[in-house]
Number of protein chains: 2
Amino acid sequence: MKKCNMKITFNRGARMKRAKKKIFHDFITRKGLKSTRQRDVILDYFLSSDRHMSIEDLYLKLRAKHPNIGYATVYRTLKLFAESGIAREIQFGDGQTRYEHVAEGEHHDHLVCTRCGTIVEFKNETIEKLQSEVAASHGFLIETHKLELYGMCAKCRK
Amino acid sequence: MKKCNMKITFNRGARMKRAKKKIFHDFITRKGLKSTRQRDVILDYFLSSDRHMSIEDLYLKLRAKHPNIGYATVYRTLKLFAESGIAREIQFGDGQTRYEHVAEGEHHDHLVCTRCGTIVEFKNETIEKLQSEVAASHGFLIETHKLELYGMCAKCRK
DNA sequence: TTGCTAATGATTATCACTTTCATATTAATC
DNA sequence: GATTAATATGAAAGTGATAATCATTAGCAA
Ligand SMILES: [Mn+2]
Ligand SMILES: [Mn+2]
Ligand SMILES: [Zn+2]
Ligand SMILES: [Zn+2]
């Protein structure tokens, strides 16, 4: 049973990776950019990393196997990921920019544990709808939004 | 009519200022800190400034009349304001920390125009309640939260 | 006043990026 | 496969906001 779930997760993960690689590659082509070894390596690492990773963390992880890839390239490449739509830049107020995986047309918000750093994702359609109403009542047109709940996770409360 | 409203606003503003000055002064005393000319001047400027002011802006405004007050002192003093409860630090993602006025026990969220920078405050009890429910369903205990809606304000849409 | 402590402000440091620029790589064309 | 023009890379220097340092000054209690 456990094995079965793992298999499913693995397959879904692999399919997702392939899809994102294609999206990024198409983006590169469309923009007249070049496909490079560095971009491929960084993409591979990003896709198999935590869902909310700081640039520093990703760079350190990379450096272990690819000491020749520069800091600047990692920064530049993550920006491209965001631009291509496979990643989103997020700030949890700790002074470090993080990049998270995004799926086409999906959106979610975050619960952030201020003790252990755990990040839980959630979706709430009712909240989203109310946000639109608030915006509308002020004549605003929402383009993006940010909802983050900071506090103590279940584990840290014990 | 207009005059009357202005009078009321002025009076409310003056009362509010006095109240905040007292809160800050009590805080200073309680913590064994010292009351200084700089702190008084900065507090006065802060209380009569925009509701969401960057440190830089406040510093420049101050410098016109008080060229002897240092940058570091402004930073330090605004932190004290936040600690004392009369101000709250906010980040709208433009790389500058802002400080906003807060009233005892009050909370509000923000609509931020990405074109002209206009900031509108709003409160929505239903959203707040739903946030608590989301947190509870994940075993989280919320300490603070951040809800910001970014987009185009009514004026900029025209 | 005196004496102790905290505050100030000029300066320097830090930290997370961002830019620069000489060199290397890519990919289209021949 | 060689040529070539354009983009990418990475080491290093630059930035901008904020924090720390430290010699000097100011508040305040006795
Ligand atoms: Mn997420
Ligand atoms: Mn506000
Ligand atoms: Zn936790
Ligand atoms: Zn606007």
Side-chain angles (χ1 to χ4, degrees), chain A residues 24-46 52-84 87-99 117, chain B residues 21 24-46 52-84 87-99:
Chain A
F24 185 63
H25 202 267
D26 289 353
F27 169 82
I28 287 290
T29 308
R30 178 160 25 92
K31 289 271 182 179
L33 305 178
K34 288 171 181 174
S35 174
T36 69
R37 213 191 73 263
Q38 287 90 332
R39 286 175 178 168
D40 286 345
V41 170
I42 296 170
L43 179 53
D44 220 63
Y45 270 68
F46 175 68
H52 311 91
M53 204 164 209
S54 73
I55 303 172
E56 171 93 25
D57 286 347
L58 187 59
Y59 173 68
L60 291 177
K61 197 175 157 193
L62 262 165
R63 203 175 58 173
K65 289 241 173 132
H66 305 272
N68 49 322
I69 290 184
Y71 218 104
T73 301
V74 177
Y75 270 88
R76 288 188 281 233
T77 305
L78 286 173
K79 287 226 146 143
L80 286 180
F81 291 171
E83 212 187 323
S84 76
R88 184 167 64 137
E89 209 176 299
I90 39 173
Q91 308 267 161
F92 288 135
D94 63 348
Q96 295 213 214
T97 299
R98 285 159 195 279
Y99 282 87
Chain B
K21 282 184 182 178
F24 185 63
H25 202 266
D26 290 352
F27 168 82
I28 286 290
T29 308
R30 178 159 24 93
K31 290 272 182 176
L33 304 179
K34 290 170 182 175
S35 175
T36 69
R37 212 191 73 263
Q38 286 90 334
R39 285 175 179 168
D40 285 346
V41 169
I42 296 170
L43 179 54
D44 220 63
Y45 270 68
F46 175 69
H52 311 92
M53 206 165 206
S54 72
I55 303 172
E56 171 93 26
D57 286 347
L58 187 58
Y59 172 69
L60 292 176
K61 198 176 158 193
L62 263 166
R63 202 175 57 172
K65 290 239 173 134
H66 305 273
N68 49 322
I69 291 184
Y71 219 109
T73 301
V74 177
Y75 269 88
R76 289 188 280 233
T77 306
L78 285 173
K79 286 229 145 137
L80 286 180
F81 291 170
E83 211 186 324
S84 76
R88 184 167 62 137
E89 209 176 301
I90 39 174
Q91 307 269 160
F92 289 134
D94 62 348
Q96 296 214 214
T97 298
R98 285 158 195 279
Y99 283 87

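Computed from heavy atoms alone, side chains included, the values below leave out hydrogens, waters and symmetry copies. Reminder, nothing fancy here: chain letters follow the sequence lines and each chain counts from 1.
Atom CZ of R63(B) is separated from atom P of dT8(C) by 19 Å (rounded to the nearest Å). Following rounding to the nearest Å, I69(A) (CD1) and dT25(C) (P) show an atom-to-atom distance of 13 Å. One atom, OH of Y71(B), and another, C1' of dT12(C), lie 16 Å apart when rounded to the nearest Å. Following rounding to the nearest Å, L80(B) (CG) and dT18(D) (C1') show an atom-to-atom distance of 15 Å. Q38(B) has its CD atom 11 Å from the P atom of dA10(C), to the nearest Å. Taking atom CG of L62(B) as the reference point, atom P of dG9(C) lies 11 Å away to the nearest angstrom. Taking atom CZ of residue R76(B) and atom C1' of nucleotide dA17(D), one finds them 16 Å apart after rounding to whole Å. Across the protein-nucleic acid pair, I55(B) atom CD1 and dG16(D) atom C1' stand 13 Å apart, rounded to whole Å.
Between Y75(A) and dT18(C) there is no side-chain N or O to OP1 or OP2 distance below 4.0 Å. The phosphate of dC17(C) (OP1 or OP2) has a side-chain N or O of T97(A) nearer than 4.0 angstrom. For T73(B), no side-chain nitrogen or oxygen approaches OP1 or OP2 of dA7(C) to under 4.0 Å. Phosphate contact (OP1/OP2 of dT7(D), side-chain N/O of T36(A), threshold under 4.0 Å): absent.
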Original post:
So K21(B) and D44(B), salt bridge (charged side-chain N to carboxylate O under 4.0 Å, His left out) or not? Walk me through it.
Top reply: CA-CA 8 Å; K21(B) 282 184 182 178; D44(B) 220 63; 2.5 Å; yes
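To the nearest 0.5 Å, atoms CZ (F24(B)) and CD1 (I42(B)) are separated by 8.5 Å. Distance check: L60(B) CG to I55(B) CD1 gives 12.0 Å after rounding to the nearest 0.5 Å.
Among the atoms of the strands shown, none is found under 4.0 Å from any heavy atom of E56(A). Counting non-hydrogen atoms under 4.0 angstrom, R39(B) reaches the backbone sugars and phosphates but no base. Using a 4.0 Å heavy-atom criterion, one finds that K79(A) contacts the sugar-phosphate atoms exclusively.
A centroid separation of 6.0 Å or more is found between the aromatic rings of Y99(B) and F46(B).
Considering R98(A), Q91(A), Q96(A) as possible partners of D94(A), the one that fulfils the side-chain hydrogen bond (donor to acceptor under 3.5 Å, both in side chains) test is R98(A).
In this pair, Y71(A) and Y59(A) present their aromatic rings tilted. The plane angle is within the 30 to 60° band.
Among the nucleotides dG9(C), dA7(C), dA11(D), the one closest to any side-chain atom of A72(A) is dA11(D). Picking from dT18(D), dA8(D), dA7(C) the nucleotide with the shortest atom distance to the side chain of L33(A) gives dA8(D). Considering only the side chain of Q96(A), dC17(C) comes nearest among dA19(D), dG10(D), dC17(C).
The base of dA26(D) has none of its N or O atoms less than 3.5 Å from a complementary donor or acceptor on the side chain of K34(B). For dG27(D), the base has no donor-acceptor partner in the side chain of R37(B) [N/O atoms by modelled type, under 3.5 angstrom].
Where V74(B) and R98(A) meet DNA chain C, the nucleotide closest to each residue was compared, and V74(B) sits on the side nearer the 5' end.
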